[in-house]
Every structure is written in C-alpha cells, then in structure tokens.
Amino acid sequence: MLNWNRSSLRARTTLATGAVAALVCIGFSVLFLLFAGSKETADAQARATAGWARVLPISKPGQLPAVLPDGNDGPIQVVDTWARVVAATPELVGKPPMAIFPPTPSDRDVRTQRTLCPPAGLKGCMTVVSIKIYTRPEGVGLIDVAVPVVPWYGSSTMLLLAIGVSVLITTMMAVGVFRAVGKTLAPVDAIRTELAEITATGLDRRVPVPRKDEEIRLLAETANATLDRLEHAYQQLRRFTSDASHDLRSPLAAMRAQLEEARMYPQDTDWPKMTDAVLAGVDRLQAIVTDLLTLDRLDANAPLTCEPTDLGQLVGAELDRRTPRVRVVKDLHRGVVIDCDRLRITRLLTNLLDNAERHATSQITVTVRAGPPRADGATATLEVIDDGAGIAAEHWEKVFERFIRLDASRNRDAGGTGLGLAIARQIAHAHQGTMTIQDSERGARFVLRLPQRDPL
Ligand SMILES: Nc1ncnc2c1ncn2[C@@H]1O[C@H](COP(=O)(O)OP(=O)(O)O)[C@@H](O)[C@H]1O
Ligand SMILES: [Mg+2]
C-alpha cells in the first residue's frame, strides 16, 4: 500500500490534479455566475420597465387613481413635479417616497436608480428605479418601481449550483487520478516488494514483469538482468572461494601430516627428506597465493606499464632463457610490434609454455606472426602448440575458468595451481586481446591475439 506522505507520487499527483481541477472550476463558475448575475439584473430592469409601461397609460391627470392596481412587477409610486406621491400600489398607500432623488425631476436623467436597505415603507434591500414621465399641465413627473437587489452572482441558487458542480467535478477528478495512478504504480509496488524479499531471502528470485506499461516492463526486465548478473557473480565468487579453500587446504593437510609423523617418530624420520616435502608444500601454497594475488590485481584492472615491444623478440628471449623438457620449434616473425606490459605478457607465455611442456609428447611449436586483420586494425598472433593429448572441444572454454584442471584425478598436486589459463586470459583481456584454444591436427593449440601497433 502506498503511503499518503508528502513524497508519495500518488498523493502529489492527486493533489496537483485536484488543485488544477478546482482552479478551472472556479474560473468557469465565476464566468457562469457573472453571466447569471447580468441576466438577473436585466430581468429586474425589465420588471421596472414593465411597471412603468403599466402605469404610464393611466398617468394622465384626472385619470390617475390614488391606488394603483397591483401587478407582479413590484411596488410602484407616481411622484409629481413637486416630489409628492400622487398614486401608489396598495402596499405603499400613504407612505412617503421610497427614495429621495435630486430635488426636482427636471434636473435628472430619464432613468435613475438607487439601492436602499430598505427603501422607505418597504422591507429588505431593494433597488428603486425611477423613470421620468411628461404630464400636462404640471410638466415632469416620475414613476418609481422597486425591484429586488440582484447580487453579482445572480441568485443564491445559482451560487449553490456552481459550488456544488465545482466540488463534484474536483472530487471526481481527484478520485479518478488517485485510482489511475494507483493502478499504474501497482506493478512498481510489486517489483519493490519482490526486491525487498529477494534482499531478505536469496538471489534466485526474479521481479514480476508486467505485460502492459512499456516503461515499467523495461524497469522490471532491467532489474531482472541485474539480478541475473548478481546471482552469476555471486555463484562464481562462492565457487571460487570454495575451490581456493580446497586447494589451499590439501597441501596444508599434507604438510601437517608429515610434521606430526616426524614429531611422533623423530628417530625414524629422514629429516632432510621430510623438510624437502614440507618445503614443496610451502612452495605450492606460495604459488597458489601468488596466482590469486595476480588474478586479484588483474580483476581490479590495475594499470599496465605498456611499452612498444617486438613480440617475436620477447618470445625468443623467453624461450632462450628456458631449458625445456621437449624439443621447441620456433617460427618467430620479427617486426610484429605490440603495446604491452612485458612482464605480464612474459607471464602469459610462461603459463602457456609450462602447460605445453607438461602435456607435450615430444615437441612444442611456438609461432609469432602478424594478422589476421580485424575490423579495428591489424593484429599480432602468438600460438603455442604441443603434440600431446590435446583438449576436447567442449572444454575449450572451461579450462580458462579458475581452478579447473581436466587432468585433476591423475596428478592434481603435480600440476600447476589451476589458475594459469585464467591468468593468461585476463592478461590478454587487459591488453584488449583474446586468448582462445583452436583446432589443431595434434595436441592443443593456444592462440593469443593482440592489437598490433605501427612497427618501431
Ligand atoms: N597444453 C595442454 N594440453 C592439454 N591440456 C591442457 C593444456 N594446457 C592446459 N590444459 C588443461 O587445462 C587445465 C587448466 O590449465 P591451467 O589453468 O594452466 O592450470 P594448471 O596448469 O595449474 O593445471 C589443466 O589442468 C589441463 O587439464
Ligand atoms: Mg598451468
């Protein structure tokens, strides 16, 4: 349920719509009431004119009765040249003039009016309309007709009608918008609720994706894509942590067993041999920890110290430094120049060569050449090929994962740390390159591609 607080979108939209609707209604009501008021005023004036027209024919001297017949136009008085009441409708008989106008009728406009509360002899507020008449022989006289006062809004009925309709329309608009916004935001609320539960329980759940409402559907899909990535990253991290712990635990357990045995039977222990075995375990732990630190630095995108380097020369120098167990065939083109962190590329090469040496039957081939060209420029290619058992195509991607060893069951401890190829690929990526395994006639063929720069 959405809260009715100040920051609630639903509340704010409803209030804003209500305010706009109220303003529009007030505007229209004022216009309507002004119109109604002017119509009522015109009606009142028409009644005064009608009264005047009724009395005019009988206003000749001698014909004028002292009591005028009652009509539905209002109280009437006929006033002579000397401002004396000479005739009146029954309610005003014997009463003084309803209103005092300028001293003599001849000084005045044909039609004048005054609003009095009340006019003399009457009750309540009324407008006395005074219209000149010409009589012989006296001259100018007046017919005064009292009509009700018309407020600017016409009548209270009109005012109530306008207020009632305005309140109704404003309320309907506000309720309509409140419901519509509530309906629109319901999927957002569902997403929020689900996200809250995901936070509390696990990353395997996904937020509901509404079928309508394009924007909210995109929001839900994006949230789900983020959750996918989070879950994947979290699982990877868990697997990595468990693999790392396992790999660190095995040498530790072996070392512990050796040390305990030596302490129990000190006389029967071949100390130099035992020390060598423990040192081998320490070496292994050190290798794993060093590799983990290297990967951590690569993961954190630590800056590379890049220099223009002739790849053929770099590889040649590294091969010369090594004393390989098997024959190494070199095919190193010169002039293939890349921008690279030499230490890191050497590390990558060492990892590939260590693997190749371990798996080769009799020969390793190392090649460096230019190309093939890519859309974004020329490339440099390094290949390390051995003539061993090779790697099945379905494992070509898998071997680059951390702590993956295909030959694990055979000689887990004799091999490397299981991190060599993961490090090699990370180094390739850090140089905007690729590290893959490709088809070969025999054995495994590791291919590194890096962007080439102009020759030195
Ligand atoms: N040249 C190769 N021939 C066959 N298998 C290989 C070769 N290089 C790597 N592998 C497989 O890939 C796995 C991962 O290699 P790597 O990440 O370097 O770990 P490690 O060498 O420590 O085992 C190896 O355990 C091995 O099973
Ligand atoms: Mg290795």
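Counting convention: from 1, in listed order, for ligands and their atoms alike. Residue numbers count from 1 along this sequence.
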Close-contact set for ligand 1 against [X] heavy atoms, below 4.0 Å:
X: Ala444; answer: 1 (N), 2 (C), 3 (N)
X: Leu421; answer: 9 (C), 12 (O), 14 (C), 15 (O), 16 (P), 17 (O), 18 (O)
X: Thr417; answer: 22 (O)
X: Asp386; answer: 1 (N), 2 (C), 3 (N)
X: Gly418; answer: 17 (O), 19 (O), 20 (P), 22 (O)
X: Gly420; answer: 16 (P), 17 (O), 18 (O)

No-hydrogen, no-angle side-chain donor-acceptor test under 3.5 Å, [X] and [Y]:
X: Thr49; Y: Arg111; result: yes
X: Thr115; Y: Thr127; result: yes
X: Thr309; Y: Asp339; result: no
X: Gln236; Y: Glu401; result: no

Have a look at ligand 1 and work out which part of [X], if any, has a heavy atom under 4.0 Å from it: side chain, backbone, both or neither.
X: Leu406; answer: both
X: Asn351; answer: neither
X: Arg405; answer: both

[X] near ligand 1, heavy-atom distance under 4.0 Å?
X: Phe446; result: yes
X: Gly388; result: no
X: Arg358; result: yes

Should [X] be counted as touching ligand 1, given the test is an N or O pair under 3.5 Å?
X: Ala422; value: no
X: Ile391; value: no
X: Gly390; value: no

- Message: Out of the candidates Arg325, Arg322, Arg327, only one should pair with Glu357 under the salt bridge (charged side-chain N to carboxylate O under 4.0 Å, His left out) rule; please name it.
- Response: Arg322
- Task: Kindly indicate, with the supporting measurements, whether the criterion side-chain contact (heavy atoms from CB on, under 4.5 Å) is fulfilled by Gln426 and Met435.
- Result: CA-CA 9 Å; Gln426 282 287 67; Met435 170 88 258; over 6 Å; no
- Query: Thinking salt bridges, do Glu383 and Arg369 make one under a 4.0 Å N-O criterion?
  - Reply: yes
- Note on the structure: So salt bridge (Lys or Arg N to Asp or Glu O under 4.0 Å) across residues 20-42, not counting sequence neighbours, yields Lys39-Asp43
- Message: If I take atom CG from residue Leu314 and atom SG from residue Cys340, how far apart are they, to the nearest 0.5 angstrom?
- Response: 6.0 Å
- Do the side chain of Ser250 and the main chain of Asp247 share a donor and acceptor less than 3.5 angstrom apart? no
- Item | Number of protein N, O or S atoms [distance to the Mg ion (ligand 2) under 2.8 Å] | 1
Would you mind writing out the side-chain donor-acceptor pairs for residues 159-168 within the sub-3.5 Å range, not counting sequence neighbours?
unit_1, atom_1, unit_2, atom_2, d
Ser166, OG, Ser29, OG, 2.8
Ser166, OG, Ala162, O, 2.8

- Item | Parallel, tilted or perpendicular: rings of Phe403 and Phe240 (30°, 60°) | tilted
- Message: Just to verify, what does Cys125 make a disulfide (SG to SG under 2.5 Å) with, not counting sequence neighbours?
- Response: Cys117
